[in-house]
Peer 1: 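Sharing a structure below in structure tokens format, with a few things to ask.
Below, read A as the first sequence line, B as the second, and so on, with proteins coming before strands; counting in each chain starts at 1. As a basis for the values below, the full set of heavy atoms in this structure was taken, side chains included, without hydrogen atoms, waters or symmetry mates.
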Amino acid sequence: MLTRLKGGHVVDPANGVDEVRDLFIEDGKIVAAPTDAGSAGEVVDCGGLIVMAGAIDIHSHIAGGHVNTARLLLPEWHRAFSARPGDTALSKVGWTTEETGLRYAEMGFTTVVEPAMGPQSALHAHLELADIPIIDKATLVVLGNDDLLLSMIRDGESADAIADYVAWTVDASKALGVKCINAGGSAAFKENVRSYAFDAEVPDYGVSSRQIVKALQRAVKDTGIPHPLHVHCNNLGMPGKSAEAAEATIMASEGLPLHLAHIQFYGYGTEGKRGFSSKGQELAALVNRNPDVTVDIGQVMFGQTVTISSDEMRQFAGRAQASPGKSIILDQEANGGGVVPMNYQEKSFHNALQWAIGLELFLLIEDPSRVFFTTDHPNGAPFTTYPDIFALLMDRDMRQTWIEALPKGVAKWTSLPQIEREYTLNEIATMTRAAPARLLGTKDRGHLGVGATADISVYRPNEDKAKMFAAAAYLFKDGTKVVENGAVIARPYGRALTLKTQSDAAMGSRLDRYFDDAYGLDSRWFKVDGGALRRDMPFREVPCL
Amino acid sequence: MTTAWIDGQPVSTGEAVREAAKLLSSSRFPLVWGSFDDASALREGTRLASLAGGVIDHRDLPTIVPLVEALRDNGMIRVSPGEARRRADRVLVLGSDPFESRTELFEQIFSVRPDLGPAKENAREIVLLGPASASAGAFASAAGEVRSIACPDGEIGDAVAILKAALAGRPFHDGPFEEGGARALAGWLKDAAFAVIVFDAARLDAIAIEVVAGLVSDLNTDTRASALPLAPGGAMGAAEAALWTSGFPLRTGFGRIDPDHDLVLNAADRLLSSGEADARLALCLGDARLGDHDVPTVLLTGGEGVEADRARIVFSVGQPGIDHGTVVHEARFGSFVSRPAERSSMLPNAADILSAIADEVGARVSSNDEARR
Ligand SMILES: [Zn+2]
């Protein structure tokens, strides 16, 4: 059946469209306008509404072992989780896979990437993703602290061999890309190293973080994985050292694309009597000067949350600030990780400055196609805070109101009060639709051109931008209307986006032996079998470059 | 081949599914209970319990309750078996042999010497702190040096608390240790390249597990150490899958608006004895049995005809991993693995039956809602 979205203001920067026009969908795709517009079987009146592609979140911890551990650690947190408690009965259900899908859909999101899937947690992650309704999902598989990669680099194995290993891992784990988290840091922590920088060596291997990042960056390119290596830098959160780590990593991109995750957590200097200051301006300038680099923010918002990370060294150090005071840290093959509850407080100088640094970066990085909209859910804040963040980016007066509520000393330590920029709808659409699709290599989405997957979000304009983005007027997923007036009306299951990478068969046999010899593990356990997920079509393949 | 019965009479699967859905949706507070080792069955079972407004519980949950409580209330620094195999130069084993029915896990960790980190220079040292000679035999085949310190199972928590005090330089009494022994053992842990403390989580209570976690936490102030609690994969996998489907690690009720996690109030036995559960669906595989309670029952049974006369509606189902594929928590891997069927079989998959009943209950619930409107 042909559906006509009639008379909406279409904001589709990927196709240079920003005007009132009709949109037609059929069989889950966007189609060209028919000669007779009246032939549509269904007409959705979008008069006065804003029409965009479905939003894409490139970095949100929504599934897998560590996320589930957070649920275990914090049963009391589930009810505190929702930014809008009491809206619906379902908003009180708790932080379940089902709720994840519903809450994202209500805000107009149709694709979300779980960015930290350990190779061992791949089946677990995909089982959870299979239970998240409506949205499409994807994962990045984590490498960079694994014994095999570090050994290969130490032993001087060829770039081809490393690419084969990366390709095997991406294929086995059904990932869309590769992430590297404090490269070498977790391996070093297991040897009781407590602080680790870009050029430090992992004991026992004699391999530096730089070597690991560069080897993976190259392997990702050689394998034809569209999404550039996704890097979580060293020394996250440490005043001074974090900014140095981000700077060193950006400088190491050396002409090849590189994505830096949650850069806000690296924007920290050491000035002032508290030894904590903003490096937001410097870091933004550095990103502006380095076109190979993309970043997402990891915006902090105030309130109770929990940090979930495969940066075991960082999570171990963060234990001391756990609130409530309990945490789970995991020593595991490769990265391990940890879950540490966190309560960001508006009245805390430190937390308030973190909030301001995130916004500085959002607003000072000039190109909205190189800065991505994330809270590093739930590390900076739960994703249910997104509507407020859209409002903060689009409304300087609102920022001013928030700044005035902060502790007195904060305003003079940040350039935020002086920044006049307000994001336009077109820039929001670039940041949350066009650019993420390009970054992930998912050409079928992020835009509203003919042939695109009919993932379409429709918003009712409102002076209160938070209200506007909290509740989509309509959401279409694969052409099916799933949200109306901010409420879910249908919950089909989306799919996980995967890549089909090619690796040499010899690498398969080598890994069969390796996992058995080194860890007493069966290499088949690392391979995700779609049949185990109990969905008709669990995956949708994205082509390699 | 008949695989479904109502009141002892063979029926089609569809008929039995409709009857089961009718029974569960007309019940006030149905219990969904049983051998939910297969994560697929647990996912569908949770959906059924939530649609029917009941409770879901796993038959072996008591074996993981202390660990769940300790993790939830206190947290822990813990290690995977694979990493313990490669790094642990000093291993403290608590209580009666935790590897008694875990031969493969024992092999994985102890058949080789550590080969990563500073520990690779050392032979592995293993101390068994438990009932005299209870586990020495099994550890004779471990690649390392083994010695024992006698301590009754009931005093393990106290012994670990003594080690914790000794490490902190606080006063302590000797407990099961000979004079100077506690300080020596605490120092031995502290001087490890990577110390691992392993125990059967079903044999310690939550407080003892929290003391172990506390000792490990203290050790990590200066050195590396990690806990390795061993728990049955079936119940652990079910708790994990319940966490993402319901937000809680089982014994979760869906009777009210919010799911309600309560390890005591939602225990199957209590709900049946008190009469709060007025109907149940039981998934009985292996040696699982219905127990003495008399309540209208839907039985999914893996054993031919076992207790079939005690249920109104009976489905014969296959064995996960044998008659059909399964997804289980594998202790050696520390995560889920999938296993294909071992043979072709006509027996239905319990997960499919649960899913069909859940769909039917869901349809009844929404048509009731519609009628009310
Ligand atoms: Zn993250």
Peer 1: When rounded to the nearest 0.5 angstrom, what is the spacing between CZ in B/F248 and CH2 in A/W95?
Peer 2: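 Separation between the atoms: 13.0 Å.
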
Peer 1: Taking non-hydrogen atoms and a cut-off under 4.5 angstrom, which of residues 308-316 of chain A neighbour chain B?
Peer 2: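 From residues 308-316 of chain A, the residues near chain B are A/E312, A/F316.
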
Peer 1: Evaluate the side-chain proximity of A/F189 to B/R224: yes if any heavy-atom separation is below 4.5 Å, no if none is.
Peer 2: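 Heavy-atom side-chain distance check passes, below 4.5 Å.
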
Peer 1: Are any non-hydrogen side-chain atoms of B/I77 and A/R319 less than 4.5 angstrom apart?
Peer 2: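 The answer is yes; the side chains approach within 4.5 Å.
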
Peer 1: Tell me if the CD1 atom of B/I207 is crowded by more than 12 foreign heavy atoms within 6.0 Å.
Peer 2: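 For B/I207, atom CD1 is not crowded (no more than 12 foreign heavy atoms under 6.0 Å).
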
Peer 1: What pair of heavy atoms forms the shortest contact from A/A532 to B/R43, and how long is it?
Peer 2: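 So the two residues come closest at O-NH1, 3.9 Å.
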
Peer 1: Side chains of residues 234-241 of chain B: which donor-acceptor pairs under 3.5 Å do they make with residues two or more places apart or in other chains?
Peer 2:
unit_1, atom_1, unit_2, atom_2, d
B/E240, OE1, A/N68, ND2, 2.7

Peer 1: So does A/Q120 get a backbone contact from the side chain of B/S335, meaning a donor-acceptor N/O pair under 3.5 Å?
Peer 2: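 A pair under 3.5 Å: yes.
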
Peer 1: Are side-chain heavy atoms of A/E333 and B/E83 found at a separation under 4.5 Å?
Peer 2: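 Of all side-chain heavy-atom pairs linking B/E83 with A/E333, at least one is under 4.5 Å.
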
Peer 1: Counting only heavy atoms closer than 4.5 Å, note whether B/L116 contacts chain A via side chain, backbone, both or neither.
Peer 2: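 Both parts, backbone and side chain.
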
Peer 1: With side chain to side chain donor-acceptor pair (under 3.5 Å) as the criterion, how do B/S338 and A/R524 come out once you've worked through the C-alpha distance, each side chain's angles and the decisive distance to 0.1 Å?
Peer 2: CA-CA 9 Å; B/S338 62; A/R524 284 175 302 184; over 6 Å; no

Peer 1: Nearest 0.5 angstrom please: A/H126 NE2 to B/F336 CZ, how far?
Peer 2: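 The distance works out to 14.5 Å.
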
Peer 1: Counting only non-hydrogen atoms closer than 4.5 Å, does B/R332 touch chain A with its backbone (N, CA, C, O), its side chain (CB onward), both, or neither?
Peer 2: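 Both parts, backbone and side chain.
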
Peer 1: Under a 4.5 Å heavy-atom cutoff, which of B/P340, B/P81, B/S217, B/A84 has the most pairs with chain A?
Peer 2: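 The option with the most such pairs is B/S217.
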
Peer 1: State the OG-CD1 distance between B/S226 and A/I329, to the nearest 0.5 angstrom.
Peer 2: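 Between B/S226 OG and A/I329 CD1, I get 9.5 Å after rounding to 0.5 Å.
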
Peer 1: So what's closer than 4.5 Å to chain B heavy atoms on A/S327: side chain, backbone, both or neither?
Peer 2: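 Backbone of A/S327 only, per the 4.5 Å heavy-atom cut-off to chain B.
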
Peer 1: Can you say whether B/E107 sits under 4.5 Å from chain A via the side chain, the backbone, both, or neither, judging by heavy atoms?
Peer 2: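 Contact with chain A: none, neither part.
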
Peer 1: Using the side chain to side chain contact (heavy atoms under 4.5 Å, CB included) definition, which of the options A/T96, A/L127, A/V67 pairs with B/W244?
Peer 2: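 Option passing the side chain to side chain contact (heavy atoms under 4.5 Å, CB included) with B/W244: A/L127.
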
Peer 1: What heavy-atom pair brings B/R339 and A/W525 nearest, and what distance separates the two atoms?
Peer 2: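 Scanning both residues, the minimum pair turns out to be NH2-CZ2, 4.1 Å.
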
Peer 1: Can you tell me which portion of B/A351 sits under 4.5 Å from chain A's heavy atoms? Options are side chain, backbone, both or neither.
Peer 2: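 Both backbone and side chain of B/A351 come within 4.5 Å of chain A.
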
Peer 1: Select one option (side chain, backbone, both, neither) describing which atoms of A/A518 are under 4.5 Å from chain B's heavy atoms.
Peer 2: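 Interface part for A/A518: both.
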
Peer 1: So what's closer than 4.5 Å to chain A heavy atoms on B/R47: side chain, backbone, both or neither?
Peer 2: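 Interface part for B/R47: neither.
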
Peer 1: Answer with side chain, backbone, both or neither: which region of B/D352 has an atom nearer than 4.5 Å to a non-hydrogen atom of chain A?
Peer 2: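 Contact with chain A: backbone and side chain both.
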
Peer 1: Side chain, backbone, both or neither: which part of B/N220 has an atom under 4.5 Å from a heavy atom of chain A?
Peer 2: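 B/N220 touches chain A through backbone and side-chain heavy atoms alike.
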
Peer 1: Which atoms of A/D522 come close to chain B, meaning under 4.5 Å heavy atom to heavy atom: side chain ones, backbone ones, both, or neither?
Peer 2: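 Neither; nothing under 4.5 Å.
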
Peer 1: Is there side-chain contact between A/K326 and B/N74, with at least one heavy-atom pair below 4.5 Å?
Peer 2: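 Contact flag for A/K326/B/N74 side chains = no.
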
Peer 1: Quick one: salt bridge (Lys or Arg N to Asp or Glu O under 4.0 Å) partners of A/D146, sequence neighbours excluded?
Peer 2: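 Once residues adjacent in sequence are excluded, A/D146 has no partner under the salt bridge (Lys or Arg N to Asp or Glu O under 4.0 Å) criterion.
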
Peer 1: Grab the two heavy atoms, one from A/G520 and one from B/R85, that are nearest each other, plus how far apart they are.
Peer 2: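 Taking A/G520 first and B/R85 second, the nearest heavy atoms are N-CZ, 3.5 Å.
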
Peer 1: Please state whether the side chain, the backbone, both or neither of B/E104 comes within less than 4.5 Å of a heavy atom of chain A.
Peer 2: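 When you check distances to chain A, no heavy atom of B/E104 falls under 4.5 Å.
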
Peer 1: With sequence neighbours left out, write down each residue that passes salt bridge (Lys or Arg N to Asp or Glu O under 4.0 Å) with A/E114, or none if nothing qualifies.
Peer 2: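 None.
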
Peer 1: Examine whether an atom of B/S355 lies under 4.5 Å from a heavy atom of chain A, and if so say whether it belongs to the side chain, the backbone or both; otherwise answer neither.
Peer 2: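 It is the side chain, since no backbone atom gets that close.
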
Peer 1: Considering all heavy atoms of both residues, which atom of A/L521 and which atom of B/Q108 are nearest to each other, and what is their separation?
Peer 2: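 Shortest heavy-atom contact: CD2-NE2, 3.5 Å.
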
Peer 1: Mind ranking A/D529, A/L533, A/D131 by heavy-atom pairs under 4.5 Å with chain B and telling me who comes out on top?
Peer 2: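 Most heavy-atom pairs under 4.5 Å with chain B: A/D131.
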
Peer 1: Please find the pair of heavy atoms, one from A/I328 and one from B/R78, that lie closest to each other, and give the distance.
Peer 2: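 It is CG2-CD, 4.3 Å.
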
Peer 1: So which part of A/Y205 gets closer than 4.5 Å to some heavy atom of chain B, the side chain, the backbone, both or neither?
Peer 2: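 The side chain, not the backbone.
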
Peer 1: Looking only at heavy atoms, which two atoms of B/N349 and A/R534 are closest? And how far apart?
Peer 2: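 Answer, listing the atom of B/N349 first, then A/R534: ND2-NH1, 4.1 Å.
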
Peer 1: Where on B/F333 is there a heavy atom nearer than 4.5 Å to chain A: the side chain, the backbone, both, or neither?
Peer 2: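 Contact with chain A is through both the backbone and side chain of B/F333.
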
Peer 1: Under 4.5 Å from any heavy atom of chain A, what part of B/P118 do you find: side chain, backbone, both or neither?
Peer 2: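 Both backbone and side chain.
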
Peer 1: Under 4.5 Å, counting heavy-atom pairs only, tell me which of A/Q332, A/K527, A/E128 racks up the most with chain B.
Peer 2: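 That would be A/E128.
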
Peer 1: Can you tell if the side chain of A/L330 reaches within under 4.5 Å of the side chain of B/V79, non-hydrogen atoms only?
Peer 2: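 Contact flag for A/L330/B/V79 side chains = no.
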
Peer 1: Between CG of A/D331 and CZ of B/R87, what distance do you get to the nearest 0.5 Å?
Peer 2: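 That separation rounds to 8.5 Å.
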
Peer 1: If you count every heavy atom of other residues, nucleotides or ligands that lies below 6.0 Å from A/D536 atom CG, does the total exceed 12?
Peer 2: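 Atom CG in A/D536 is not crowded, with 12 or fewer foreign heavy atoms closer than 6.0 Å.
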
